[in-house]
Amino acid sequence: MELGKVSTLDSSSEEAYKLNITASAITITSAGKAGLFYGLQTLKQLIDSGKNVKACNITDWPSFSWRGYMIDAGRNYQPMDLLKQQIDVIAAYKLNIFHFHFTEDIAWRLESKLYPQLTAPETMLRNKGKFYTQKDLKELISYCKARHITVVPEIDMPGHSAAFKRAMKTDMQSDSGLVIVKNILKEFCDTFDVPYLHIGADEVKITNKNFLPEVISLVEKQGKKVIGWEPGVSLQKAPSGSYGWKTLQRLAPILR
């Protein structure tokens, strides 16, 4: 394997690779480590049951920069070994985003050292007592990073938060609820090395017009880029205008 420029329609892509197989050598060339990794995945797929591989010359690069796979563990818990099994499969098919949704009406499944009651079994409606520790999520982030996959964690708010309300005895959009949410977000951003945080913001009636603007501002000040569902934040108005489309326009560059 060697680092080098690969001539493609997207010559700047470090995910592009060239795989050359002859009778005497197998060479994978890419401008970046991700491309070398993807070239190796293709080589593995070409090896037949007899451990042979046919001669070929492949130049490949992604059509989409954001190639995602989502797991909703908030509704249905999945153990770490099962998550890793799926991550291995998506890595083999060159997906590069793992969207991990772990808070829901059913259960809140990420440990908070500030608010351990969030993951108390009695607050969960299914798979009671099953959640991910902070160590678990750090391990998943590292596991994905080694496979050139970015974890996009989702803490859904202010909708899909019945488990939060059961645990904290207050609604997210109340004054006291917003204080708790901000503390959770600060803890999360200080703990986990991820570039993005998905805040959901869909399928909910906005009763506190300050909730989303303050949450988005806080997360951005913590050095994370914010992602939200659409439609969702379009359900309310902010001083800057329609929060749905305007917010997504502002966030669009991270998806390019």
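These numbers were taken from a predicted model, which means no experiment stands behind them. No hydrogens, no waters, no symmetry mates; every other heavy atom, side chains included, goes into these values.
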Distance-only, no hydrogens or angles: does the [X] side chain make a donor-acceptor pair with backbone N or O of [Y] under 3.5 Å?
| X | Y | value |
| --- | --- | --- |
| Arg67 | Lys94 | yes |
| Ser142 | Lys138 | yes |
| Gln45 | Ala92 | yes |
| Asp156 | His160 | no |
| Asp72 | Arg75 | yes |
| Lys224 | Val194 | yes |
| Asp136 | Thr133 | yes |
| Gln173 | Thr207 | yes |
| Arg166 | Thr123 | yes |
| Arg147 | Ala91 | no |

Can you find a pair of side-chain heavy atoms, one from [X] and one from [Y], that are under 4.5 Å apart?
| X | Y | answer |
| --- | --- | --- |
| Leu140 | Ile87 | yes |
| Met70 | Glu154 | yes |
| Asp60 | Leu19 | no |
| Trp61 | Thr59 | yes |
| Thr150 | Phe98 | no |
| Tyr38 | Asn96 | yes |
| Met157 | Leu185 | yes |
| Val226 | Ile199 | yes |

> Does the pair Glu104 and Arg126 meet the rule for a salt bridge (charged side-chain N to carboxylate O under 4.0 Å, His left out), with working shown?
Replying inline: CA-CA 11 Å; Glu104 251 303 331; Arg126 192 156 57 232; over 6 Å; no
> What orientation do Phe188 and Phe192 show, parallel under 30°, tilted 30 to 60°, or perpendicular over 60°?
Replying inline: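 Taking Phe192 first and then Phe188, their aromatic rings sit tilted (interplane angle of 30° to 60°).
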So, taking the atom named [atom1] in [X] and the one named [atom2] in [Y], what distance separates them when rounded to the nearest 0.5 Å?
| X | Y | atom1 | atom2 | value |
| --- | --- | --- | --- | --- |
| Asn127 | Asn76 | CG | CG | 6.0 Å |
| Asn20 | Ile58 | CG | CD1 | 9.5 Å |
| Asn208 | Ser174 | CG | OG | 8.5 Å |
| Thr191 | Gln134 | OG1 | CD | 4.5 Å |
| Leu40 | Tyr17 | CG | OH | 10.5 Å |
| Leu110 | Thr103 | CG | OG1 | 9.0 Å |

> Do you see a donor-acceptor pair shorter than 3.5 Å between the side chains of Tyr132 and Thr119?
Replying inline: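 Judged by distance alone, the side chains do not pair up.
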>> Can you confirm whether the side chains of Ser112 and Glu187 place a donor and an acceptor under 3.5 Å from each other?
In response: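 Ser112 vs Glu187: donor-acceptor pair found between side chains.
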>> Let's go through Phe64 and Leu95 carefully: what are the C-alpha distance in whole Å and the side-chain angles of both, what is the deciding distance for side-chain contact (heavy atoms from CB on, under 4.5 Å) to 0.1 Å, and is it a yes or a no?
In response: CA-CA 10 Å; Phe64 302 98; Leu95 275 66; over 6 Å; no
Shared hydrophobic cluster for [X] and [Y] (ILVMFWY, side-chain gaps under 4.5 Å):
| X | Y | value |
| --- | --- | --- |
| Leu82 | Ile149 | no |
| Val151 | Val89 | yes |
| Met80 | Trp108 | yes |
| Phe100 | Tyr93 | yes |
| Val179 | Ile216 | no |

So which heavy atom on [X] is nearest to which on [Y], and how close?
| X | Y | result |
| --- | --- | --- |
| Met124 | Gly129 | SD-N, 3.2 Å |
| Gly39 | Ile28 | C-CD1, 3.6 Å |
| Val53 | Ile26 | CG1-CD1, 4.3 Å |
| Ile71 | Tyr69 | CG1-CE2, 3.6 Å |
| Ile106 | Gly74 | CB-O, 3.7 Å |
| Ser30 | Leu36 | CB-N, 3.5 Å |

Salt-bridge present ([X], [Y]; N to O < 4.0 Å):
| X | Y | answer |
| --- | --- | --- |
| Asp193 | Lys145 | yes |
| Lys84 | Asp81 | no |
| Glu214 | Lys182 | yes |

Quick check, are the ring centers of [X] and [Y] under 6.0 angstrom apart?
| X | Y | result |
| --- | --- | --- |
| Phe131 | Phe102 | no |
| Trp229 | His99 | yes |
| Tyr196 | Trp66 | yes |

>> Heavy-atom count check: over 12 atoms from other residues, nucleotides or ligands less than 6.0 Å from Asp175 CG?
In response: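 Atom CG in Asp175 is not packed in, count stays at 12 or less.
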> Do Leu197 and Ile227 pass the side-chain contact (heavy atoms from CB on, under 4.5 Å) test, and can you show the C-alpha distance, the side-chain angles, and the key distance before you say yes or no?
Replying inline: CA-CA 6 Å; Leu197 177 60; Ile227 303 176; over 6 Å; no
